[in-house]
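Chain naming here is simple, since letters A, B, ... match the order of the sequence lines and numbering starts at 1 in each. As the structure is a prediction and not an experimental result, all values here were calculated from the model. Excluded from the calculations below are hydrogen atoms, water molecules and symmetry mates; all remaining heavy atoms, backbone and side chain alike, are included.
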Protein chains: 2
Amino acid sequence: MKSELKKTLRQKGLRCTEPRRCIVEALEKGPKTHAELLHLTGLDRVTVYRNLILLQQVGLVYRVYLPGHEPLFVLCEKEGGGFHAHFFCEKCRKGVCLPADTIQIVEPWAKQVDKVLLLGRCLHCA
Amino acid sequence: MKSELKKTLRQKGLRCTEPRRCIVEALEKGPKTHAELLHLTGLDRVTVYRNLILLQQVGLVYRVYLPGHEPLFVLCEKEGGGFHAHFFCEKCRKGVCLPADTIQIVEPWAKQVDKVLLLGRCLHCA
DNA sequence: TACGTTCATGCTGCAAAGTTACAAAAAGAC
DNA sequence: GTCTTTTTGTAACTTTGCAGCATGAACGTA
Ligand SMILES: [Mn+2]
Ligand SMILES: [Mn+2]
Ligand SMILES: [Zn+2]
Ligand SMILES: [Zn+2]
């Protein structure tokens, strides 16, 4: 798990630091707001801001904004697992990585799409 | 165009005001940040905030966040056009509404999905 | 068209969010 | 261990977003 993280970060030219491990570890328990991450990790505000941006840019984390709520940061469980979609439940606020073949996009769009975010109610919440 | 907007707003119990027309008109030329809308319309900061929230709630506008950049507000060209996906180009930062049949999701997820946001590079930017 | 009700706008001021700059600390290559 | 480069934490700062309130505009009604 941790050596996976290190490899992923190093591939992008980023160092595997204690704060980064802390943030990822906190997100492994479920989506978190910035404030929650701050409290859970005890890190500095600025460090959390900066690392969340980086983790998003390397694709380890994605951000979900629901109008009227604080943005949530969600961990992608398929680091480097190639193309796949993210489903996020607007009610229970959990995120899932869907297998690539869950979603099919017709050409010419399929080739253009890089990230997919689906919002809705999960099976349990529907 | 303007009578369409009025109808859409009135259906939701909202008034068709000059500021609202200004914001929509500005967004018709492409996605804009909050600051750009402020400058383009000359409206009060608070009025822009409040109306962007309202326009998102009625589905006329959606918001795109790219890590490390200001959020962009994008006009949905298919007011009340039923279920459809939104594609946003991360390079040229333009948004397009895709027909519903552009994307197919396998069951049981298809029934759960409510909103779809696709990110990538458009044909011109690829 | 004029009237009255109700909603929207533009203040002001405040709290929270997010950014910048820089010195100190840690990571990783050798 | 030493060296180089990235990252961190601190502090000062800017921006974003929100609440309350008086003024003004929208629109149904007549
Ligand atoms: Mn994922
Ligand atoms: Mn649309
Ligand atoms: Zn759910
Ligand atoms: Zn493009």
Side-chain angles (χ1 to χ4, degrees), chain A residues 1-27 31-58 60-74, chain B residues 1-27 31-58 60-74:
Chain A
M1 207 64 166
K2 301 216 164 159
S3 66
E4 264 306 309
L5 176 60
K6 179 161 188 175
K7 207 173 71 181
T8 308
L9 290 171
R10 295 267 66 206
Q11 276 174 353
K12 308 279 181 173
L14 299 174
R15 293 180 180 177
C16 183
T17 66
E18 183 60 18
R20 281 170 193 167
R21 280 190 296 267
C22 278
I23 292 172
V24 169
E25 193 183 350
L27 290 178
K32 300 273 177 293
T33 64
H34 182 273
E36 287 169 338
L37 285 172
L38 214 65
H39 180 254
L40 285 167
T41 63
L43 294 166
D44 185 78
R45 254 155 39 78
V46 182
T47 303
V48 176
Y49 280 126
R50 284 187 293 218
N51 281 319
L52 283 175
I53 290 173
L54 283 172
L55 291 171
Q56 285 175 88
Q57 286 172 342
V58 300
L60 271 174
V61 168
Y62 62 99
R63 177 185 151 134
V64 175
Y65 168 78
L66 302 176
H69 297 98
E70 285 181 85
L72 285 166
F73 296 91
V74 192
Chain B
M1 209 66 164
K2 300 215 166 159
S3 65
E4 265 307 309
L5 174 61
K6 179 161 187 173
K7 207 173 71 183
T8 309
L9 290 170
R10 294 268 69 206
Q11 277 175 351
K12 308 278 180 172
L14 299 174
R15 293 180 180 175
C16 183
T17 66
E18 184 59 18
R20 282 169 193 169
R21 280 190 296 269
C22 279
I23 292 172
V24 170
E25 193 182 349
L27 291 178
K32 299 273 178 293
T33 64
H34 182 106
E36 286 169 339
L37 285 172
L38 213 66
H39 180 253
L40 285 167
T41 63
L43 294 166
D44 185 78
R45 233 155 49 78
V46 182
T47 303
V48 176
Y49 280 123
R50 285 187 292 220
N51 281 318
L52 282 175
I53 290 172
L54 283 171
L55 291 170
Q56 285 176 87
Q57 285 171 343
V58 299
L60 271 172
V61 167
Y62 63 100
R63 179 182 160 137
V64 175
Y65 169 80
L66 302 177
H69 297 98
E70 288 180 83
L72 285 165
F73 296 92
V74 192

Separation of [X] atom [atom1] from [N] atom [atom2], in whole Å?
{"X": "A:His39", "N": "C:dA17", "atom1": "NE2", "atom2": "P", "value": "15 Å"}
{"X": "A:His69", "N": "D:dC18", "atom1": "NE2", "atom2": "P", "value": "12 Å"}
{"X": "A:Leu54", "N": "D:dT8", "atom1": "CG", "atom2": "C1'", "value": "12 Å"}
{"X": "B:Asn51", "N": "D:dA25", "atom1": "CG", "atom2": "P", "value": "16 Å"}
{"X": "B:Leu14", "N": "C:dT6", "atom1": "CG", "atom2": "P", "value": "17 Å"}
{"X": "B:Leu43", "N": "D:dA25", "atom1": "CG", "atom2": "C1'", "value": "14 Å"}
{"X": "B:Leu9", "N": "C:dC7", "atom1": "CG", "atom2": "P", "value": "15 Å"}
{"X": "A:Asp44", "N": "D:dT7", "atom1": "CG", "atom2": "C1'", "value": "12 Å"}

Are there any protein N/O atoms within less than 3.5 Å of an N/O atom in nucleotides 13-16 of chain D, and if so, which ones and at what distance?
residue : atom : partner : partner atom : Å
D:dT16  : OP1  : B:Glu70 : OE1          : 3.1

Spacing of [atom1] belonging to [X] relative to [atom2] belonging to [Y], to within rounding of 0.5 Å:
{"X": "B:Arg21", "Y": "B:Thr41", "atom1": "CZ", "atom2": "OG1", "answer": "13.5 Å"}
{"X": "A:Gln11", "Y": "A:Lys6", "atom1": "CD", "atom2": "NZ", "answer": "13.0 Å"}
{"X": "B:Arg63", "Y": "B:Leu55", "atom1": "CZ", "atom2": "CG", "answer": "13.5 Å"}

Review point. Once you build an axis from the first five pairs and another from the last five of the helix from C:dA8-D:dT23 to C:dC30-D:dG1, how far apart in angle are they, to 10 degrees?
Key: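 Computed from the C1' atoms at both ends, the axes differ by 50°.
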Looking at side-chain heavy atoms only, is the closest gap between [X] and [Y] below 4.5 Å?
{"X": "B:Leu27", "Y": "B:Leu37", "answer": "yes"}
{"X": "B:Leu54", "Y": "B:Gln57", "answer": "yes"}
{"X": "B:Leu38", "Y": "B:Leu43", "answer": "no"}
{"X": "A:Pro31", "Y": "A:Val64", "answer": "no"}
{"X": "A:Leu5", "Y": "A:Leu60", "answer": "yes"}

Check your understanding: Are the aromatic rings of A:His34 and A:Phe73 close, with centres under 6.0 Å apart?
Key ->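 A:His34 vs A:Phe73: aromatic centres not under 6.0 Å.
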Point to revise | Expected output: side-chain A:Arg20 to main-chain A:Arg15 donor-acceptor under 3.5 Å | key: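 Confirmed, A:Arg20 side chain pairs with A:Arg15 backbone.
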Check your understanding: Where each residue is assigned the nucleotide of DNA chain C containing its nearest heavy atom, which of B:Arg20 and B:Gly68 is assigned the position nearer the 5′ end?
Key ->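 Residue closer to the 5' terminus by nearest nucleotide: B:Arg20.
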Practice item. May I have the step-by-step check of side chain to side chain contact (heavy atoms under 4.5 Å, CB included) for A:Val61 and A:Val74, ending in yes or no? Key: CA-CA 5 Å; A:Val61 168; A:Val74 192; 5.9 Å; no
Revision key, fill the gap. Quick tally for nucleotides 21-27 of chain C: nucleotides whose base has a protein heavy atom under 4.0 Å get B, sugar-phosphate-only ones S, the rest -, giving B----BB
